[in-house]
Amino acid sequence: MVIELKKNVSKEQAELLSKTYNAILFKEQEGFVLVTSSKQKEITAELEQAAKKVTVTSSDIQLAGKEYVSTKRTIDFGNFSIGGNTKNTLVITGPCSVENETQINQSAELCVSLGVKVLRAGAYKPRTSPYSFQGLGLDGLKLLADVRAKYGLKIITEVKDFSHVNEVIEYSDIIQVGAKAMYDQGILRACSQTQKPILIKRGFGSTLQEFVQAAEFVLSGGNPNVILCERGIRTFETKTRFTLDLCGISWLKEYTNLPVVIDPSHAMGFAYGVSDLCRAAVAMGVDGVLIETHPTPKVAQSDAEQQLNFEQFTSLYHSLKPIAQAVRYNIV
Ligand code: PEP
Ligand code: MN
């Protein structure tokens, strides 16, 4: 149950109610909000008196659900936004990992040349093997900060574990919570303490319910700026790296109020399928796409097989506009 308290309810009163009813308390612009378990269906007279609006929810998809907010949330990036009524499909691209200054500058130049506003690259990489390249860490974040200053791009980079979450929040414009980190509640709670947008990737073994509940950890801590990213789930199929869950995208659009971004690169795992998948996702009307690109994919230190070279990406990028327009979206 979501209980939006009246504006005149003080912090002390709100805290007392939160304790009495075992509810999470956070503050929104409009006032305090209490969230109880969705199993609670009835409200006491005391709560009713303090409440401006009460939403009974059918599952613990509460703040992220359409039952609570029936329209899609807007995520504002300053000079552009996604979600809400914008019908914008944001293109995000960059290499899997920041590898060196030249590589990240080349990637930034690709963005600038096409008008792509958001550069993505990982500094802390959640590799499956401890013997693989683990990312440049803080040095990588510093390279990204330099590129942001030089090219005026927004930066998205991932947090892999709790040890560097605050560092990533400090350096990044958008914080990516990786598929393997989706269940880390320390990370999610830390991300709830900023107002920067948080892009949560779906764990490859996560149900849609679990995925959206990860978002609830961020929303219920007071950060309303959450984006969901479908990046493929594990199925019985082994020919492709994962399986992009297009049904899931429709479900998220129907039942949640959060913008949805699609990552076809990690789903496919091979460059040859990324453009087709990306176009299919854009045709569904989504809030963004995240595509891995590298100046020389062959020598990439992570995810080499799936990264598009600049020529492939440029051709994909130009093909997206008419597809987005056909479903009344704009590429931004
Ligand atoms: C990545 O974005 O480079 C990455 C490792 O993705 P995921 O968390 O989806 O596996
Ligand atoms: Mn990658």
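Everything numeric here is computed off the predicted structure, so don't read it as measured data. Each ligand, and each atom within it, is numbered from 1 in the order the structure gives. Just so you know, residue 1 is the first one in the sequence shown, and it goes up from there.
Between the side chains of Glu67 and Ser58, a donor-acceptor pair is found at a separation under 3.5 Å. A side-chain donor-acceptor contact under 3.5 Å links Gln62 and Thr57. Checked by atom type, the side-chain pair Asp303/Gln306 shows a donor-acceptor distance below 3.5 Å.
Here the protein heavy atom with the shortest distance to atom 3 (O) of ligand 1 is Lys125 NZ, 2.8 Å. Taking atom 5 (C) of ligand 1 as the reference point, the nearest protein heavy-atom neighbour is Glu158 OE1, 3.7 Å. In this structure, atom 6 (O) of ligand 1 lies nearest to the protein heavy atom Lys201 NZ, 3.0 Å. Of the protein's non-hydrogen atoms, the one nearest atom 4 (C) of ligand 1 is His266 NE2, 3.3 Å.
Between Arg120 and ligand 1, a contact under 3.5 Å exists for at least one N or O pair. At least one N or O atom of Ala179, backbone or side chain, sits closer than 3.5 Å to an N or O atom of ligand 1.
Counting atoms of ligand 1 from 1 in the listed order, those under 4.0 Å from a heavy atom of Cys96 are 3 (O). The Arg231 neighbourhood of ligand 1 comprises atoms 7 (P), 9 (O), 10 (O), with distances under 4.0 Å to a heavy atom of that residue. Annotation for ligand 1: atoms under 4.0 Å from non-hydrogen atoms of Gly178 are 8 (O). For ligand 1, the atoms lying closer than 4.0 Å to a non-hydrogen atom of Glu292 are 1 (C), 3 (O).
Looking at Glu292, its N, O or S atom nearest to the Mn ion (ligand 2) turns out to be OE2. The atom of Asp303 that is an N, O or S and sits closest to the Mn ion (ligand 2) is OD2.
At most 12 heavy atoms of other shown residues, nucleotides or ligands fall within 6.0 angstrom of atom CZ in Phe162.
Asn309 is not listed as a side-chain neighbour of Thr296, based on a closest heavy-atom distance of 4.5 Å or more.
Salt bridge status for Glu15 with Lys19: absent, with no side-chain N to carboxylate O gap under 4.0 Å. Of the charged side-chain nitrogens involved, at least one lies within less than 4.0 Å of a carboxylate oxygen, so that Arg202 and Asp245 count as a salt-bridged pair.
Remark: Arg234 is positioned above the aromatic ring of Phe204, its terminal NZ or CZ atom under 6.0 angstrom from the ring centre and at most 45 degrees off the axis.
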